[in-house]
There are 4 protein chains.
Amino acid sequence: MTQTLSEQDVLFPLNDGIGSVALIQHVGDDKSVVNAARVSFGGDNRMPLDEKDARLIRYLLKHQHGSPFEHNSLTFKIVAPIFVVRQWMRHRVGVSYNEISGRYVEIKDQFYTPGNFRQQAKSNRQASIEATDSLNQEKAHEVWEAAWKNAYEAYQQLLSLGVTREQARGVLPLTMYTEFYFTCNLRSLFHFLALRDHPGAQWETQMYARALAQLSEPLFPSSFEAWRSLNAHE
Amino acid sequence: MTQTLSEQDVLFPLNDGIGSVALIQHVGDDKSVVNAARVSFGGDNRMPLDEKDARLIRYLLKHQHGSPFEHNSLTFKIVAPIFVVRQWMRHRVGVSYNEISGRYVEIKDQFYTPGNFRQQAKSNRQASIEATDSLNQEKAHEVWEAAWKNAYEAYQQLLSLGVTREQARGVLPLTMYTEFYFTCNLRSLFHFLALRDHPGAQWETQMYARALAQLSEPLFPSSFEAWRSLNAHE
Amino acid sequence: MTQTLSEQDVLFPLNDGIGSVALIQHVGDDKSVVNAARVSFGGDNRMPLDEKDARLIRYLLKHQHGSPFEHNSLTFKIVAPIFVVRQWMRHRVGVSYNEISGRYVEIKDQFYTPGNFRQQAKSNRQASIEATDSLNQEKAHEVWEAAWKNAYEAYQQLLSLGVTREQARGVLPLTMYTEFYFTCNLRSLFHFLALRDHPGAQWETQMYARALAQLSEPLFPSSFEAWRSLNAHE
Amino acid sequence: MTQTLSEQDVLFPLNDGIGSVALIQHVGDDKSVVNAARVSFGGDNRMPLDEKDARLIRYLLKHQHGSPFEHNSLTFKIVAPIFVVRQWMRHRVGVSYNEISGRYVEIKDQFYTPGNFRQQAKSNRQASIEATDSLNQEKAHEVWEAAWKNAYEAYQQLLSLGVTREQARGVLPLTMYTEFYFTCNLRSLFHFLALRDHPGAQWETQMYARALAQLSEPLFPSSFEAWRSLNAHE
Ligand SMILES: Cc1cc2nc3c(=O)[nH]c(=O)nc-3n(C[C@H](O)[C@H](O)[C@H](O)COP(=O)(O)OP(=O)(O)OC[C@H]3O[C@@H](n4cnc5c(N)ncnc54)[C@H](O)[C@@H]3O)c2cc1C
Ligand SMILES: Cc1cc2nc3c(=O)[nH]c(=O)nc-3n(C[C@H](O)[C@H](O)[C@H](O)COP(=O)(O)OP(=O)(O)OC[C@H]3O[C@@H](n4cnc5c(N)ncnc54)[C@H](O)[C@@H]3O)c2cc1C
Ligand SMILES: Cc1cc2nc3c(=O)[nH]c(=O)nc-3n(C[C@H](O)[C@H](O)[C@H](O)COP(=O)(O)OP(=O)(O)OC[C@H]3O[C@@H](n4cnc5c(N)ncnc54)[C@H](O)[C@@H]3O)c2cc1C
Ligand SMILES: Cc1cc2nc3c(=O)[nH]c(=O)nc-3n(C[C@H](O)[C@H](O)[C@H](O)COP(=O)(O)OP(=O)(O)OC[C@H]3O[C@@H](n4cnc5c(N)ncnc54)[C@H](O)[C@@H]3O)c2cc1C
């Protein structure tokens with residue numbers, strides 16, 4: 001029911017070789033979901049997952065019985081831009097975080113640059129769409145790169161003037177990379193995915209959500225199958 | 001960092017061969033605490049726990065830095081009297097439960113009988129003390145046994161009259177045994193122990209808290225050592 | 001946006017003059033939901049609720065935007081049988097409880113007796129249905145009453161033998177009344193109602209859920225209207 | 001026990017006329033703390049707070065009985081720099097947030113500039129100290145101002161190139177002001193204050209913590225008095 005990872009499984013959701021999602025450790029599987037549910041009628045057991053178990057998983061998700069999906073744990077190490085992390089850390093329940101501190105350490109010059117800039121969506125004021133030719137990608141890249149380089153230089157200058165790290169970082173942009181440990185369980189992960197692997201979420205955040213799903217799905221294949229087919233939101 | 005239990009470790013906190021605490025699965029160790037903390041300064045690593053790591057653990061507990069103790073998971077299967085479970089399930093954060101349902105299944109005739117009845121404490125109106133000779137233990141046992149037997153008989157009668165299980169169980173007493181899965185992490189476990197392995201808590205509940213500690217301590221020896229020496233409450 | 005209650009609004013969900021739900025205090029209204037949501041686009045205001053506001057509320061509930069429903073608070077004082085309270089207190093998030101302690105005080109002889117006993121449902125193993133004539137109601141009442149009276153007598157005997165309150169109560173049945181303060185917000189209330197004012201929940205628990213809704217609905221009429229029409233589960 | 005605010009109480013913790021903390025609504029008072037605790041022994045009442053009540057509050061805080069401090073609610077509207085808000089929103093329990101969205105609206109050119117830049121503390125690698133003369137304040141201000149102006153210009157350029165708001169904001173710095181509703185209760189507020197009105201926390205964050213305390217203390221004078229005298233951390 002548990003497994004030691006000799007090597008980390010790592011994905012690069014933003015395709016820039018920096019932003020990453022690595023599975024560090026986990027415990028629990030589809031059978032532990034079933035056993036937690038079956039304690040309700042005193043029928044938990046150690047046999048391999050069977051068809052009846054799979055049906056029970058589907059039933060639980062369909063009827064909003066989320067608690068049996070909590071008796072497991074997934075820990076990831078994430079490298080992501082701050083604007084993504086600000087959205088991520090709004091999730092409060094069944095989730096744990098520990099992040100690198102810009103008060104302790106000098107921040108590295110790692111910043112995310114979009115492969116493609118997107119345009120504002122008309123239909124949904126919060127979302128974005130693929131850009132048309134009218135958006136000058138090259139120019140946008142230029143502005144973007146100059147902006148973070150300028151900011152990082154200012155950061156370095158403030159540090160060399162003797163300004164404390166906790167203040168100096170104030171000039172660094174939201175596209176700056178940060179890193180953190182993230183621990184969740186299958187219930188809080190499904191909740192995260194329902195909200196963040198969703199067209200309403202920011203594209204970059206969707207990419208991270210998908211990476212989490214990609215690494216977790218093989219560990220809970222029946223639960224994911226049921227969840228996807230029901231498009232359950234809990 | 002993880003370990004599969006081929007056999008369950010089981011303890012019987014109330015010494016009656018019924019009430020039990022079994023460790024079902026877990027993930028994480030002292031090193032995972034340290035690594036989660038070290039991400040703050042980008043220094044997590046896969047080396048074995050050393051003296052510096054142990055000092056860091058102590059530092060974290062002393063200064064209320066509880067979040068690094070969340071990236072791990074412990075699942076127990078518990079059999080306990082309802083009056084203990086009512087106190088237990090008041091803990092809400094970083095804890096998960098799934099309990100047998102008296103609506104689904106007919107309840108078994110398993111009830112806890114105190115080995116020794118205690119007397120009301122004078123100093124603390126909520127607590128109890130060892131009984132003196134003036135308490136007639138034999139008589140108390142008689143009353144107790146007769147009470148739950150009478151209740152269980154009424155339950156059986158109601159069921160045979162055709163009353164639904166969910167109502168019929170209403171006559172069953174708080175000393176009735178129930179069972180549940182309990183998942184926590186080291187932070188929520190320490191919080192539980194601070195409140196429940198404490199002279200202010202009900203004696204039976206203290207016994208369960210100690211059983212949890214006894215099964216968990218070998219998995220996180222440094223953290224427990226620091227926590228005990230600090231008598232930390234977080 | 002706030003209101004002092006000079007008198008408590010009290011309902012008796014189980015029609016026995018004992019079990020009760022009283023609204024003690026509250027803060028927030030439909031407009032505070034809207035304002036919390038509108039901060040997203042910097043448009044919160046102090047004007048009375050209008051049709052656009054009502055549409056926004058509906059939009060939020062439809063699209064799982066639950067957080068704006070958290071900036072308010074409702075406190076109730078509840079008197080309910082333990083078997084109901086055991087289900088209630090499984091709700092962990094956005095909810096607060098303080099309950100009378102059977103360790104501090106001697107428990108009163110107040111017990112719930114069903115007006116009508118129900119039969120086991122065939123379709124749903126957890127649920128119950130209206131009883132047919134074959135269920136001898138009179139006989140069931142007799143058994144029930146005798147059971148709790150017997151239990152309460154045993155409790156009294158144990159106390160007079162000198163047994164501590166925290167142990168003695170172990171013989172008391174789940175139908176015993178207890179009382180507690182319950183504080184929630186509109187989001188956690190809707191979650192509670194979705195699960196407990198639902199045919200799958202125990203009938204007695206449904207009655208309490210409805211009483212909560214009845215007292216809260218006049219305070220958040222637009223939110224309730226939208227929630228009911230969407231039959232939203234979040 | 002509740003009070004409508006005809007005017008908002010507003011404080012400016014960073015003394016720049018932008019960063020602000022306003023109390024929007026609240027419910028509950030010292031007496032509601034006492035009543036929630038007294039339900040334990042069935043003794044809640046509607047009389048004015050007396051000396052015995054004040055002693056009970058002190059007792060509760062001293063013995064980690066935090067739950068009676070949850071039956072109340074405080075809502076604030078906050079304007080704060082993102083680097084402060086990132087720390088703030090790590091608090092997960094008993095707290096609710098709704099923040100302005102840089103995906104919905106164009107971000108205003110409001111940025112925090114420190115009145116005084118501080119130097120890195122030697123003793124505590126995470127903290128900072130008052131700067132000595134060796135730190136060229138004027139030069140630091142110049143670099144800081146140029147940095148955010150440059151960033152804001154890049155943001156404007158990206159928008160005018162047609163880049164979607166959610167991406168364009170990526171170049172904006174952590175010193176940018178954002179605004180949000182924050183709802184907590186007295187227990188979660190005390191926890192926040194213990195960690196954030198603390199010399200180990202970032203100075204700017206301490207200022208916000210103190211503003212919260214300043215606005216809340218008059219509403220719960222007995223609880224604050226006890227809490228301060230005990231320097232309780234829960
Ligand atoms: C001076 C200082 C320095 C910091 N430095 C860093 C840093 O370098 N890196 C970093 O990532 N963070 C840092 N933090 C943030 C810190 O890790 C916490 O995220 C933050 O202080 C919120 O505290 P909390 O978890 O106690 O509060 P909440 O999240 O509000 O939780 C309240 C209480 O609930 C319990 N709890 C909540 N969730 C869980 C859970 N999942 N499991 C078990 N128990 C739970 C705990 O008892 C906790 O005290 C720092 C904080 C301070 C004050
Ligand atoms: C009809 C019915 C039958 C039931 N039968 C049983 C039974 O047989 N046995 C039994 O034990 N229970 C049973 N329950 C109780 C059920 O398992 C839940 O404990 C209860 O309904 C509270 O629901 P919740 O966890 O969604 O609420 P809360 O605890 O209030 O949580 C609110 C939300 O927060 C999230 N959340 C909270 N904690 C976590 C966490 N640790 N990890 C991830 N996400 C979290 C979830 O999204 C959840 O919806 C039953 C409930 C109902 C309604
Ligand atoms: C000796 C003893 C006697 C007790 N007597 C009584 C009694 O007479 N009556 C009674 O009702 N209970 C009683 N309790 C139970 C007590 O009130 C708590 O419900 C229980 O101890 C769980 O503690 P907790 O809330 O700290 O834990 P959790 O619910 O697990 O919370 C963990 C932490 O998260 C934070 N937190 C969680 N939820 C919130 C929230 N909504 N708002 C703010 N912060 C939050 C707090 O920091 C808390 O410490 C007693 C407990 C003990 C140990
Ligand atoms: C597309 C999109 C757009 C967004 N736009 C904005 C925006 O403009 N502004 C903004 O501030 N945020 C925005 N958010 C964030 C959103 O408000 C939530 O903070 C975030 O999605 C986390 O969701 P959650 O609260 O359900 O999750 P969690 O905090 O993990 O909570 C899990 C579940 O627990 C329950 N719960 C947790 N805490 C409480 C509580 N205190 N009271 C009652 N129930 C509780 C709820 O059932 C909840 O579903 C947006 C999110 C998405 C997906």
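Reminder, nothing fancy here: chain letters follow the sequence lines and each chain counts from 1. As a basis for the values below, the full set of heavy atoms in this structure was taken, side chains included, without hydrogen atoms, waters or symmetry mates.
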Q: Give, as side chain, backbone, both or neither, the part of V93(D) having an atom under 4.5 angstrom from any heavy atom of chain C.
A: neither

**Q.** Interchain contact, E179(D) with chain C, by part (heavy-atom threshold 4.5 Å)
**A.** both

Q. More than 12 foreign heavy atoms under 6.0 Å from CD of E153(D): is that the case here?
A. no

Q: Search all heavy atoms of S96(D) against all heavy atoms of E70(C) and return the closest pair with its distance.
A: OG-OE1, 2.6 Å

Q: Calculate, to the nearest 0.5 Å, the distance between atoms OG1 and CG belonging to T183(C) and N72(D) respectively.
A: 8.0 Å

Q.
Heavy-atom pairs under 4.5 Å with chain D - which of T75(C), V105(C), V95(C) has more of them than the others?
A. V105(C)

Q) What distance separates H71(D) NE2 from N98(C) CG, expressed to the nearest 0.5 Å? A) 4.0 Å

Q: Evaluate whether atom CD of E225(D) has more than 12 neighbouring non-hydrogen atoms of other residues, nucleotides or ligands under 6.0 angstrom away.
A: no

**Q.** Heavy-atom side-chain proximity of Y181(C) to N35(D) below 4.5 angstrom
**A.** yes

(Q) Using heavy-atom distances under 4.5 Å, tell me whether E99(C) contacts chain D through its side chain, its backbone, both, or neither. (A) backbone

Q: Name the member of A37(D), P68(D), G94(D) that forms the most heavy-atom pairs with chain C at distances under 4.5 Å.
A: P68(D)

